[in-house]
Amino acid sequence: MDSQQKKFRDTTRELGQFFKRVGQIWIYEELMFLGIEPETLAGRFRSESLHLLQELCAKEPTFHIISCEDYKIYNKYIPNANGYYLADGDKDPSLMVDLLSRLTADEFLQVGHTMLPPIVGEIKRSG
């Protein structure tokens with residue numbers, strides 16, 4: 001594995017640990033059960049749907065909002081961010097992940113693009 005792939009894997013591992021710690025709710029059916037429909041199957045919301053997350057968090061204080069802005073994922077609400085997720089874990093607002101802490105945006109996308117086909121192939125073969 002070359003150094004860029006290692007950096008990419010370290011970054012994605014860190015992102016997974018972050019999402020697990022903050023309790024990101026990403027299962028589409030679970031979000032639908034809560035009465036909110038995300039724009040993606042991974043549970044991401046755009047600004048147009050932010051009011052749904054805010055209303056739910058106001059009613060249910062166990063939930064909080066995660067914000068995505070410029071390749072950074074913050075464990076807090078940030079106005080006008082690129083996207084949002086719902087979470088029910090650690091609410092520490094100082095938690096964040098910088099996807100470009102090890103690679104540039106181009107490197108991150110290029111390495112991710114080259115690593116994806118073998119992963120998809122492995123999934124297809126596993127039946």
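We're numbering straight along the sequence, starting at 1.
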Residue pair [X] / [Y]: nearest heavy atoms and the distance that separates them:
X     : Y     : value
Gln24 : Ala42 : NE2-O, 3.7 Å
Cys68 : Ala81 : O-CB, 3.3 Å
Glu69 : Asn80 : OE1-O, 3.5 Å

- Message: Would you say that Thr11 contacts Leu100 through its side chain, given a criterion of any heavy-atom pair below 4.5 Å between the two side chains?
- Response: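 When only atoms from C-beta onward are counted, Leu100 and Thr11 do not touch, as no gap falls below 4.5 Å.
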- Task: Flag the pair Arg44 / Glu39 as yes when at least one side-chain heavy-atom distance between them is below 4.5 Å, and no otherwise.
- Result: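 A side-chain contact is absent here, since even the closest heavy-atom pair is not under 4.5 Å.
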Distance from [X] atom [atom1] to [Y] atom [atom2], nearest 0.5 Å?
X     : Y     : atom1 : atom2 : result
Ile78 : Asp70 : CD1   : CG    : 9.5 Å
Ser67 : Tyr74 : OG    : OH    : 9.5 Å
Leu52 : Leu34 : CG    : CG    : 11.5 Å
Thr12 : Gln17 : OG1   : CD    : 10.0 Å
Ile73 : Glu14 : CD1   : CD    : 11.0 Å
Arg9  : Gln5  : CZ    : CD    : 6.5 Å

- Message: Enumerate the ring-ring contact (aromatic ring centres under 6.0 Å, His included) contacts for residues 16-41, please, sequence neighbours excluded, ordered by first and then second residue.
- Response: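 Pairs touching residues 16-41 that pass the test: Phe19-Tyr85.
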- Message: Pair Tyr77, Gln54 - check side chain to side chain contact (heavy atoms under 4.5 Å, CB included), show working.
- Response: CA-CA 9 Å; Tyr77 167 69; Gln54 291 172 319; 3.7 Å; yes
- Item | Chi angles and distances behind the side chain to side chain contact (heavy atoms under 4.5 Å, CB included) call for Ile36, Phe45 | CA-CA 10 Å; Ile36 54 177; Phe45 293 83; 3.8 Å; yes
- Kindly indicate, with the supporting measurements, whether the criterion side chain to side chain contact (heavy atoms under 4.5 Å, CB included) is fulfilled by His64 and Asn75. CA-CA 8 Å; His64 67 281; Asn75 194 34; 2.7 Å; yes
- Message: Assess the residue pair Asp10 and Arg13 against the criterion (salt bridge (charged side-chain N to carboxylate O under 4.0 Å, His left out)); give the C-alpha distance rounded to whole Å, side-chain angles, the decisive distance to 0.1 Å, and a yes or no.
- Response: CA-CA 5 Å; Asp10 289 346; Arg13 189 174 300 114; 3.1 Å; yes
- Message: Out of the candidates Leu86, Leu31, Ile66, only one should pair with Leu53 under the side-chain contact (heavy atoms from CB on, under 4.5 Å) rule; please name it.
- Response: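 Of Leu86, Leu31, Ile66, side-chain contact (heavy atoms from CB on, under 4.5 Å) with Leu53 is met by Leu86 alone.
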- Message: Hydrophobic cluster membership, with links at side-chain heavy-atom distances under 4.5 Å among I/L/V/M/F/W/Y: are Leu56 and Val22 in one?
- Response: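 Looking at the clustering, Val22 is in a separate group from Leu56.
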- Query: Between Ile65 and Leu15, is there a shared hydrophobic cluster once you connect ILVMFWY residues whose side-chain heavy atoms come closer than 4.5 Å?
  - Reply: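 No; Leu15 is not reachable from Ile65 via cluster members.
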